[in-house]
Protein chains: 2
Amino acid sequence: MSAPSLRAEVRAQMNQRIKDVARRRLAAEGANLSLRAVARDMDIVASALYRYFPSRDALLTALIIDAYESLGAAAEEAEAAVPRADLRGRWLAVCRAARAWALAHPAEYGLLYGNPVPGYAAPQETVRPAAKVVFLLVAVAIDAADRLAPVTPAVPGPVRSDLRRLIDRYGGGLSADHFDRVFVGWTHLFGLISFEVFGRLDGMVDARAEQFEHHMSLMADLVGLPR
Amino acid sequence: MSAPSLRAEVRAQMNQRIKDVARRRLAAEGANLSLRAVARDMDIVASALYRYFPSRDALLTALIIDAYESLGAAAEEAEAAVPRADLRGRWLAVCRAARAWALAHPAEYGLLYGNPVPGYAAPQETVRPAAKVVFLLVAVAIDAADRLAPVTPAVPGPVRSDLRRLIDRYGGGLSADHFDRVFVGWTHLFGLISFEVFGRLDGMVDARAEQFEHHMSLMADLVGLPR
DNA sequence: AGCGGGTCAAGAACACCGTTCTCGCTTCAT
DNA sequence: ATGAAGCGAGAACGGTGTTCTTGACCCGCT
């Protein structure tokens with residue numbers, strides 16, 4: 001590896017510091033991040049930030065990528081801590097880790113799964129880290145492939161061909177029917193997390209952890225994971 | 001009824017015009033609504049809007065309430081057009097109408113089910129119109145109550161007591177177990193719609209209508225609605 | 001008929017915001 | 001040592017939400 005010049009190193013540190021301060025701002029305030037506020041927190045003038053990020057959107061993109069990777073890492077760690085043979089345990093571990101991360105970082109979660117920022121299209125480099133969680137869920141199903149209960153009804157034709165493409169990309173060795181149910185579970189996972197983080201459950205459900213557990217267990221049933 | 005003074009009437013019309021223009025702006029641009037832009041579209045100066053709405057948040061709140069009512073009305077109409085005995089058809093009609101409304105009004109949908117606007121707490125008067133869709137789903141289940149297949153596993157205890165409270169408020173005559181499954185379906189409905197509207201399905205699923213139909217049918221199965 | 005109170009739109013002003021540009025200063029490579 | 005490149009400060013531009021003042025208008029009353 002080429003030795004990084006001192007210049008490049010302090011630049012990378014500054015880059016990191018900006019993101020850290022921005023994350024704190026994001027957690028304190030709502031979703032709208034102010035460059036000038038970030039600069040103030042660093043005793044820096046706003047225009048100086050443009051040495052490191054070409055625009056506010058670029059900084060947001062960097063935060064989004066970091067957040068996807070943070071979420072993915074949290075899920076991966078949690079899943080890795082469960083014995084390989086405990087398939088349902090691994091499924092639930094991924095789900096719980098995603099929820100825990102979202103509740104711990106609600107503003108960043110909003111960046112990832114909330115309203116897309118207006119005028120901002122998610123760049124290509126966000127798609128791979130974004131797929132980490134669903135990839136983990138698929139991996140659990142693959143490991144369980146020969147113990148999965150058959151599922152009914154079968155996936156309708158047009159959906160099946162979409163799924164085939166995804167199976168080639170992510171999860172070889174899984175039937176379209178079972179992949180479909182993983183997809184259902186993935187949708188439900190983030191649907192329920194979004195409801196909770198965005199306050200849609202306020203005044204309706206108090207026992208949220210238990211409800212989450214219950215829902216994700218139902219999804220595991222739907223996939224056909226053995227109890 | 002008291003005759004509305006002419007003054008009050010033109011004022012109400014102006015109120016309505018502002019909301020219409022704001023809705024158009026919202027559809028054209030992203031989620032961030034600019035009062036000055038609305039004013040420009042009306043050949044009006046921005047400060048004049050403050051005669052009608054005390055703040056930007058107040059205008060947003062009015063739009064949100066209108067949107068909830070529009071969505072609720074769309075779902076209600078669609079459901080009412082299905083024969084009462086076709087329980088699954090009524091369930092699916094509500095789901096389809098919600099999706100169609102969301103796709104037709106993505107920015108307004110984002111207001112309702114996306115990131116909560118920073119510094120903005122949903123006022124009390126939004127909760128009743130917001131509950132319309134789930135209320136319709138519950139109503140279908142109530143009408144189907146004596147034909148619903150039993151569901152397993154049973155709802156865990158702490159969740160059950162939350163559900164009991166909701167049953168008293170919304171859906172008397174439904175078992176906690178079945179109410180729970182309606183809740184699951186409701187979560188999934190808006191989870192999947194959010195995925196689609198917010199672009200989380202881009203590049204993954206093309207046959208979205210078919211996939212939606214499939215998912216919502218699975219949820220109907222989960223509730224125990226007869227085929 | 002005339003007057004007074006209430007309502008309205010306009011406009012200036014303030015404090016923010018993202019972004020661009022210029023200007024000195026430091027630091028590095030030659 | 002010198003030239004080039006990177007850096008932060010600062011001013012500036014056009015945008016935003018919001019407040020306040022000012023003058024015009026309409027309506028109902030005496």
Side-chain angles (χ1 to χ4, degrees), chain A residues 2-19 21-22 24-26 28-64 107 111 115-121 123, chain B residues 2-22 24-26 28-64 107 111 115-121:
Chain A
S2 66
S5 76
L6 193 140
R7 208 40 173 263
E9 195 168 335
V10 27
R11 188 183 164 80
Q13 279 180 17
M14 190 68 171
N15 222 277
Q16 195 57 48
R17 252 194 77 206
I18 293 173
K19 290 195 290 185
V21 172
R24 256 194 297 279
R25 264 280 132 190
L26 215 53
E29 317 283 321
N32 48 0
L33 179 69
S34 155
L35 284 189
R36 292 186 118 108
V38 172
R40 265 194 305 273
D41 288 359
M42 304 179 66
D43 283 316
I44 279 290
V45 94
S47 61
L49 294 175
Y50 283 75
R51 294 271 167 212
Y52 301 92
F53 295 92
S55 72
R56 180 175 167 279
D57 277 4
L59 174 54
L60 275 180
T61 301
L63 291 177
I64 287 174
L111 247 43
N115 244 342
V117 180
Y120 167 83
Chain B
S2 66
S5 78
L6 193 140
R7 209 41 174 264
E9 194 168 335
V10 27
R11 187 182 165 80
Q13 278 180 19
M14 190 67 170
N15 223 277
Q16 194 58 46
R17 251 194 79 208
I18 293 173
K19 290 195 289 185
D20 287 344
V21 172
R24 257 195 297 281
R25 264 281 132 189
L26 215 54
E29 316 282 323
N32 48 1
L33 180 69
S34 155
L35 284 190
R36 293 185 117 107
V38 172
R40 265 194 306 271
D41 288 358
M42 303 179 67
D43 284 317
I44 278 290
V45 94
S47 60
L49 295 175
Y50 283 76
R51 293 268 162 212
Y52 301 92
F53 295 93
S55 71
R56 182 173 166 278
D57 276 4
L59 175 54
L60 275 180
T61 300
L63 291 177
I64 286 174
L111 248 44
N115 242 342
V117 180
Y120 167 85

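What you are looking at is a predicted structure, and each value in this text was computed from that prediction instead of being measured. All heavy atoms count here, side chains included; hydrogens, waters and symmetry mates do not. We name chains A, B, ... by the order of the sequence lines, and we start the count at 1 in each one.
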By side-chain contact (heavy atoms from CB on, under 4.5 Å), A:R11 pairs with (sequence neighbours left out) A:Y52

Taking N or O atoms only and anything under 3.5 Å, show me the protein contacts with nucleotides 13-19 of chain C, one pair per line.
| unit_1 | atom_1 | unit_2 | atom_2 | d |
| --- | --- | --- | --- | --- |
| C:dC17 | OP1 | A:S34 | OG | 2.9 |
| C:dC17 | OP1 | A:R40 | NH2 | 3.3 |
| C:dC17 | OP2 | A:R40 | NH1 | 3.2 |
| C:dG18 | OP1 | A:L33 | O | 3.3 |
| C:dG18 | OP1 | A:L35 | N | 2.5 |
| C:dG18 | OP2 | A:L35 | N | 3.1 |
| C:dG18 | OP2 | A:R36 | N | 3.0 |
| C:dG18 | N7 | A:R36 | NH1 | 2.4 |
| C:dG18 | O6 | A:R36 | NH1 | 2.8 |
| C:dT19 | OP2 | A:Y50 | OH | 2.6 |
| C:dT19 | OP2 | A:R56 | N | 2.7 |
| C:dT19 | O5' | A:Y50 | OH | 3.0 |

Correct closest heavy-atom pair for A:A62 and A:F53 would be CB-CE2, 3.9 Å

### Query
Just wondering, do A:L35 and A:Y50 contact through their side chains at under 4.5 Å, heavy atoms?
yes

Between CG of B:N15 and C1' of C:dC8 the distance, given in whole Å, is 14 Å

B:M42 CE to C:dC8 P, in whole Å, measures 13 Å

When rounded to whole Å, the CZ to C1' distance for the pair B:R25 and D:dT16 reads 13 Å

Whole-Å distance, B:F53 CZ to C:dT7 P, equals 17 Å

One should read off an interatomic distance between A:L60 CG and A:K19 NZ, to the nearest 0.5 angstrom, of 12.5 Å

query: Would a 4.5 Å heavy-atom cut-off, applied to side chains only, mark B:L26 and B:L111 as touching?
result: yes

The reported gap from CG in A:L63 to CG in A:L33 (rounded to nearest 0.5 angstrom) is 6.5 Å

### Message
I'd like to know whether A:L49 forms a side chain to side chain contact (heavy atoms under 4.5 Å, CB included) with A:L59, so could you lay out the CA-CA distance, the side-chain angles of the two residues, the decisive distance to 0.1 Å, and finally the verdict.
### Response
CA-CA 10 Å; A:L49 294 175; A:L59 174 54; 5.7 Å; no

Please tabulate, for side-chain N and O atoms in residues 37-45 of chain A, each donor-acceptor pair with protein atoms closer than 3.5 Å (sequence neighbours left out).
| unit_1 | atom_1 | unit_2 | atom_2 | d |
| --- | --- | --- | --- | --- |
| A:D41 | OD2 | A:R25 | NE | 2.9 |

Restricting to nitrogen or oxygen on both sides, can you table the protein-nucleotides 4-8 of chain D pairs closer than 3.5 Å?
| unit_1 | atom_1 | unit_2 | atom_2 | d |
| --- | --- | --- | --- | --- |
| D:dG6 | O4' | A:R7 | NH2 | 3.4 |
| D:dC7 | OP1 | A:R11 | NH1 | 3.4 |
| D:dC7 | OP2 | A:R11 | NH1 | 2.8 |
| D:dC7 | N4 | A:R51 | NH2 | 3.3 |
| D:dG8 | OP1 | A:Y52 | OH | 3.1 |
| D:dG8 | OP2 | A:Y52 | OH | 3.1 |
| D:dG8 | N7 | A:R51 | NE | 3.3 |
| D:dG8 | O6 | A:R51 | NH2 | 2.7 |

